[in-house]
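Reading through the structure tokens given below for one structure.
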Amino acid sequence: MPLTVEPVRGGADLRAFVDLPFRLHAGTPWVPPLRLERYLYLSKRTNRWFEHADAKLFLARRDGRVVGRISAQIDQAFWDHHGEPWGNFGFLEFEDDPEIVPALLAAAEAWLRAKGADRMTGPFDFTMNDEAGVLFEGFDREPMIKQPWHPPYYVQRLEEAGMAKAVDLFMWELQVADREKVLPILFDLAERCERDHGVRIRKMSRRNLRKELDLFGETYNEAWKRNWGFVPYGEGDLDQYAQELQLVYDRNWFMVAES
């Protein structure tokens with residue numbers, strides 16, 4: 001059956017767009033997102049990112065069955081910060097079929113060119129501040145927050161479609177299963193942080209979460225400003241991030257270090 005790629009139109013298409021990875025990755029290390037959060041994130045009415053950006057969602061179908069998805073997006077904040085008219089693609093999910101990825105990328109590229117972009121990079125959902133990249137090793141590991149998970153054939157199909165690596169993204173993971181085995185020096189250093197440098201760790205409050213993110217945004221923007229593909233958080237972006245965090249807030253692990 002022929003493969004078709006068309007823009008998302010209406011609620012039924014949007015549900016199919018959100019639902020696809022739930023079907024593709026069932027029984028894998030992939031950690032499902034909250035469906036409510038995905039709908040809020042993709043909505044131009046609720047996601048403040050759209051105040052400085054635009055996007056188009058596409059679905060690939062074969063014989064009426066959804067077999068892939070992709071987004072194409074341009075971000076004026078990226079253009080202003082980097083001085084480069086790059087376009088991005090993201091939310092890439094697809095069955096293991098060699099025809100799907102080229103068709104999805106072609107649809108995204110055509111939309112981006114029409115918007116004035118001269119280069120296409122990705123995947124980003126929608127920015128480097130969110131899920132970005134495609135997994136090429138560590139397929140047996142569950143992803144951490146803001147990290148994607150993909151089966152091994154994703155990177156293969158992207159390379160077959162002509163995509164080349166722009167940069168490596170690495171994940172660091174630290175698990176402490178037995179506190180007694182932690183080197184004593186780490187506890188000593190932690191105590192010195194407050195005594196010698198005035199650094200203390202406190203819990204964040206739900207009521208003041210948005211205010212807390214102003215401090216986060218200032219620190220994050222300064223620390224990450226030289227990283228590849230970085231886009232600074234603005235006021236609207238922090239409003240959006242606070243909305244996302246409210247859905248998963250837990251006083252026991254929302255903390256901040258300050259001096």
Side-chain angles (χ1 to χ4, degrees), residues 25 28-34 37 41 78 81-82 121 123-152 154-155 165-235 237-259:
H25 305 323
T28 71
W30 180 69
V31 179
L34 298 174
E37 184 276 331
Y41 188 75
F78 180 95
H81 186 74
H82 293 277
T121 59
F124 305 112
D125 303 348
F126 286 114
T127 75
M128 279 289 290
N129 295 332
D130 300 288
E131 290 190 15
V134 60
L135 194 67
F136 65 90
E137 64 180 29
F139 304 104
D140 58 331
R141 291 178 173 270
E142 290 186 353
M144 307 294 281
I145 294 173
K146 295 289 186 180
Q147 292 176 338
W149 184 91
H150 306 107
Y154 272 43
V155 66
K165 181 184 72 174
V167 66
D168 281 321
L169 302 178
F170 292 96
M171 181 189 84
W172 283 265
E173 181 179 9
L174 174 64
Q175 293 186 357
V176 180
D178 189 347
R179 188 178 177 88
E180 297 301 322
K181 293 182 180 180
V182 176
L183 295 177
I185 185 62
L186 294 180
F187 299 108
D188 293 339
L189 289 173
E191 292 180 0
R192 293 177 193 173
C193 281
E194 182 171 3
R195 185 188 67 210
D196 298 344
H197 306 288
V199 177
R200 67 187 184 94
I201 296 177
R202 63 171 175 81
K203 294 182 178 180
M204 302 168 69
S205 71
R206 188 167 208 157
R207 177 178 297 178
N208 296 320
L209 186 58
R210 176 59 188 86
K211 184 178 179 181
E212 303 271 25
L213 287 184
D214 284 331
L215 300 175
F216 159 79
E218 180 181 345
T219 303
Y220 181 88
N221 288 344
E222 177 62 26
W224 286 71
K225 63 183 179 182
R226 294 183 180 86
N227 283 359
W228 187 92
F230 169 75
V231 179
Y233 276 108
E235 288 295 319
D237 301 305
L238 293 173
D239 290 343
Q240 169 64 27
Y241 197 22
Q243 175 180 280
E244 295 176 22
L245 292 177
Q246 287 287 357
L247 296 174
V248 294
Y249 175 83
D250 186 316
R251 188 173 182 273
N252 292 320
W253 59 270
F254 271 55
M255 293 175 284
V256 61
E258 63 183 12
S259 63

Got a list of side-chain donor-acceptor pairs under 3.5 Å for residues 238-247, not counting sequence neighbours?
{"residue": "Asp239", "atom": "OD1", "partner": "Arg210", "partner atom": "NE", "Å": "2.5"}
{"residue": "Asp239", "atom": "OD1", "partner": "Arg210", "partner atom": "NH2", "Å": "3.2"}
{"residue": "Asp239", "atom": "OD2", "partner": "Arg48", "partner atom": "NH1", "Å": "2.7"}
{"residue": "Gln240", "atom": "NE2", "partner": "Glu244", "partner atom": "OE2", "Å": "3.2"}
{"residue": "Glu244", "atom": "OE1", "partner": "Lys146", "partner atom": "NZ", "Å": "3.2"}
{"residue": "Gln246", "atom": "OE1", "partner": "Arg206", "partner atom": "NE", "Å": "2.8"}
{"residue": "Gln246", "atom": "NE2", "partner": "Arg206", "partner atom": "O", "Å": "3.4"}

Quiz: residues 252-259 side-chain donor-acceptor pairs under 3.5 angstrom, not counting sequence neighbours:
{"residue": "Glu258", "atom": "OE1", "partner": "Arg202", "partner atom": "NE", "Å": "3.3"}
{"residue": "Glu258", "atom": "OE1", "partner": "Arg202", "partner atom": "NH2", "Å": "3.2"}
{"residue": "Glu258", "atom": "OE2", "partner": "Arg200", "partner atom": "NH2", "Å": "2.7"}
{"residue": "Glu258", "atom": "OE2", "partner": "Arg202", "partner atom": "NE", "Å": "2.7"}

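The backbone N or O of Met204 lies less than 3.5 Å from a partner atom in the side chain of Tyr249, making a donor-acceptor pair. No donor-acceptor pair under 3.5 Å is formed between the side chain of His150 and the backbone N or O of Val134.
Under the side-chain hydrogen bond (donor to acceptor under 3.5 Å, both in side chains) criterion, Asp140 pairs with no residue at all, not counting sequence neighbours. Applying the side chain to side chain contact (heavy atoms under 4.5 Å, CB included) rule to Val31 yields the partners Glu142, Pro143; only residues at least two apart in sequence or on another chain are considered. Listed by chain and residue number, Glu222 satisfy the side-chain hydrogen bond (donor to acceptor under 3.5 Å, both in side chains) test with Lys225 (two or more places apart in sequence, or in another chain).
Proximity of Val248 to Leu34: side-chain heavy atoms (C-beta onward) are separated by under 4.5 Å at one or more points. A heavy-atom distance below 4.5 Å is found between the side chains of Phe230 and Asn221. Using a 4.5 Å cut-off on side-chain heavy atoms (C-beta onward), Asn129 and Tyr233 make contact.
A donor and an acceptor atom, one from each side chain of Tyr41 and Asp130, are located under 3.5 Å apart.
Pairs engaging residues 127-149 under the ring-ring contact (aromatic ring centres under 6.0 Å, His included) rule: His25-Trp149 [sequence neighbours left out].
With rounding to the nearest 0.5 angstrom, the CZ atom of Phe170 is 4.5 Å from the CG atom of Asp168.
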